[in-house]
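Worksheet: the structure to be examined is printed underneath.
The figures here come from the full heavy-atom set of this structure, side chains too, leaving out hydrogens, waters and symmetry mates. Residue numbering restarts at 1 for every chain, and letters A, B, ... go by the order of the sequence lines. Just so it is clear, the model here is predicted, and its values are computed rather than measured.
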Amino acid sequence: MLANQIGYYSLILGLLLSVFLCGVSIKDLNSNNKQINQNVLSLSFLQLVFVIVSFLSLILSFINSDFSNETVFNNSHTTKPLFYKISGTWGNHEGSLLLWLLVLTLFIFLFLIKSKEQPKKYRILTLLFQQIIIIGFFLFVLMTSNPFNYLFPIPNEGLGLNPILQDPALAIHPPILYLGYVGTSIIFSSSLAAVTQNYISKEWSQHIKKWVLLSWIFLTIGIMLGSIWAYYELGWGGFWFWDPVENVSLMPWLTLTALLHCILVLERRATLTSWVVILSITTFTLSMCGTFLVRSGILNSVHTFANDPARGIFILIFLFILIALSLGIFFFFHKENNKDSNNFFWLSRETSILINNWFMMYFLSVVLIGTVYPIFLDVISSEKISVGPPFYQKLIAPFLIPFLLFMSVGPRLKWIKSKIENKKSLIITFIISVMLTFFIVKNLTTDLLFYTILISAAFFLFFTTLKELFIKKFNNISQTVAHFGFSLLILSILFNNILSSEIITNIKIGEKYSYDKSEIFFKKIEERKESNFNSIIAYFEIKDEKGKIIELNPEIRIYDQPVIITSEADIKTTLLEDKFLVMNLVKGNEYFNIRYQVKPFMIWIWISILLLSLGGSMSLFKKRYEK
Amino acid sequence: MYGKKVKLRVLFLTLILASVILTVFLILQSLKENVVYFQSPSEIKSLIELNKKKIRIGGMVKEQSVFINSNEVNFIITDFKNEINVTYSGAVPNLFSEGKGVVAEGFLKDKNYFSATKILAKHDENYMPPEVKEAIGDK
């Protein structure tokens, strides 16, 4: 009860402080002091404290199961384990927005501390732009999704958290993803501030690069966590479904990746300035669009907590204001400077980075159109359609070939003007890749030509980066690690795609199902009672072609609050393959519906994404050592 | 004559323009082929010509219409005006049961028979896909 009040009033105080902070910083902007007024820093810190207090009090309400709070009532239950009571705080609409706000205020405070060597006006303007976003979110939370709504009479029991969200990967997925999303807001504010100060320069890019890297790493890991969760919890037996909600997180990742590469050019050669600004604006806009599409209930998915049109309209208006503001600033203030540094030879590092950007933009348009087109069509003609995985695969897979080839050669080029060195070794590597691929793929697939070319390209990148890792000739190890991770990712995805096999059947207890030389034996079921669910555990014995027997125990859970049935897949992971078994129960039937999958190299998909982000982290920390 | 810089710029712009046009063309082309339309049982009944393309059908699973054997699941989708028989062999989502909303993806055999390749999973007991809601007329 008390926590509720404290939480609510600290939010209001935080909002008032925002307005006050804007006033103080505008005053400071016009003063002649060399350094930022100490008050601005303290106020920003105070704002952070208020939001933390508000967030902590919401967590406290969740821990205490204080059902006088509407959010707690809607999303919690006394029998829920403590861990999920806490993670339930951000497992719902209101709480997750409060988390957004928390990260927004945290990041701007960190930005202020970490940017002491930067020009004063630039820092204050960044703070101001960030405060506009923060005020927007404060208003959004307070007006449309207050997490501290009061309920009377106080219910005895809550409605519970959707059980499929009660999962360790999903407990940390939102915070990590938000760190990435909200990190892009700093890039957005800072690039706008830099534009008005005509400060898009080498110094600026060195400083903002850290934020770009940081957001990129968190976004990468956040997307991966969501993907891992979908793999084992939803029981669809895949890791990426081109579901609109997944696409929405992939889009800012693509632009952020493009930005990451562009910043490298800017860092050396004060060129491509407008493009960097456009990318910064786009990345943040896409993150906001993601929030809009997911929260407004336009996309139907597990993330859609409630359909409230008011929320959608609020975010939409806010989004338009931000876009209009940023475009206005961009066109009004931006001046191309350093005309002469625009020159570079066609064969150079700059060109290769532009090519990378071209591909990123292409992938972005594919994902964007595939995601938005059905919504668009529904609005104008009320025809209902969906765009499935074949659309994306068909448009993206062929373009991966040139993309991978450029990625192998590009980083070996020098700035401004270059020629390809070690042509011989490149050609030899390429021939080896093609031969190796042909040898492996020969008997595996029907679409031989396409897969041979695609996998060769991936192997080519794999070998070139692997070689560099050992020879360290181009001593940019972080980039090599990241690119190596990417090649590994593509290889694992491709082989996973080609080699996966699946058996779906309906089976009774005690029955055997045989196919090829393998056998699935449904031994028995066992019922168990846990604190907030009943479970049916099944015992399966699976004999593969070599006669090896493994035991898999998938589970069906029947939760009491809310009453939901979930399937827990049982997965045996080895370095070479995952064996995945999930079962479903159809009410009133003695048949169980089972799905057994053998998915090779599954674990390498996760490992390679970790390598990608490891590359990013190495780059983040490397700069610190040098300075 | 124009300077070298201008020429480069023109070349660059043409390249960008060409690639944008190519991209849009490619995407629209494959959208046309890969889009899956959604229809209700009543809409199917009123079809004049059977479409060979993959479609989605939504509605309620009719009470006491589910029959399962070792390789198939059979059931009836209804929008309370018209119904359609569905045969399906594949994984069944947990929330699939009689009297609940369902979306099936697959091919029409004729106006009364639908062969499903996928039944879509929904995560929430109370959640009704908007398409289904519309198909059964907010019942």
For B:Lys45 and B:Glu43: C-alpha separation, side-chain torsions, deciding distance, then whether salt bridge (charged side-chain N to carboxylate O under 4.0 Å, His left out) applies. CA-CA 5 Å; B:Lys45 286 283 142 68; B:Glu43 278 169 328; over 6 Å; no
Given the options [options], which has more heavy-atom pairs under 4.5 Å with chain B than any of the others?
options: A:Thr505, A:Leu395, A:Ile556, A:Thr566; answer: A:Leu395
options: A:Phe399, A:Trp358, A:Phe391; answer: A:Phe391
options: A:Ile507, A:Asn593, A:Ile594, A:Ile503; answer: A:Asn593

Greater than 12 external heavy atoms within 6.0 Å of [X]'s [atom1]:
X: B:Gln64; atom1: CD; answer: no
X: A:Phe376; atom1: CZ; answer: no
X: A:Phe450; atom1: CZ; answer: yes

- Item | Set of residues satisfying side chain to side chain donor-acceptor pair (under 3.5 Å) with respect to B:Asn85, sequence neighbours excluded |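 By the side chain to side chain donor-acceptor pair (under 3.5 Å) rule, B:Asn85 matches no residue at all.
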Original post:
What are the residues of residues 359-368 of chain A, in order of number, with any heavy atom under 4.5 angstrom from a heavy atom of chain B?
Top reply: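 A:Tyr362, A:Ser365, A:Val366, listed by number.
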Exercise for the section: Kindly assign one of parallel, tilted or perpendicular to the pair A:Tyr559 and A:Phe533, based on the angle between their ring planes and the thresholds 30° and 60°. Expected result: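 Ring orientation, 0 to 90° scale: tilted.
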Margin query: Please rank B:Val73, B:Val20, B:Ile16, B:Thr23 by heavy-atom pairs under 4.5 Å with chain A and give me the top one.
Written below: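 Max contact count across the listed options: B:Thr23.
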Would the distance check show the side chain of B:Asp79 and the main-chain N or O of B:Ser42 forming a donor-acceptor pair, the cut-off being under 3.5 Å?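 Answer holds: yes.
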Q. Between B:Glu72 and chain A, which part of the residue has a heavy atom less than 4.5 Å away: side chain, backbone, both or neither?
A.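 The backbone, not the side chain.
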Heavy-atom cut-off 4.5 Å, strictly under: side chain, backbone, both or neither for A:Tyr513 against chain B?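 Neither part; nothing is under 4.5 Å.
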>> Please tell me whether B:Phe75 and B:Phe67 form a close aromatic pair, meaning their ring centres lie under 6.0 Å apart.
In response: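 No: the rings miss the under 6.0 Å criterion.
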- Do A:Lys599 and A:Phe580 meet the cation-pi criteria used here (NZ or CZ under 6.0 Å from the six-membered ring centre, within 45° of the axis)?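 Cation-pi check for A:Lys599 and A:Phe580: fails.
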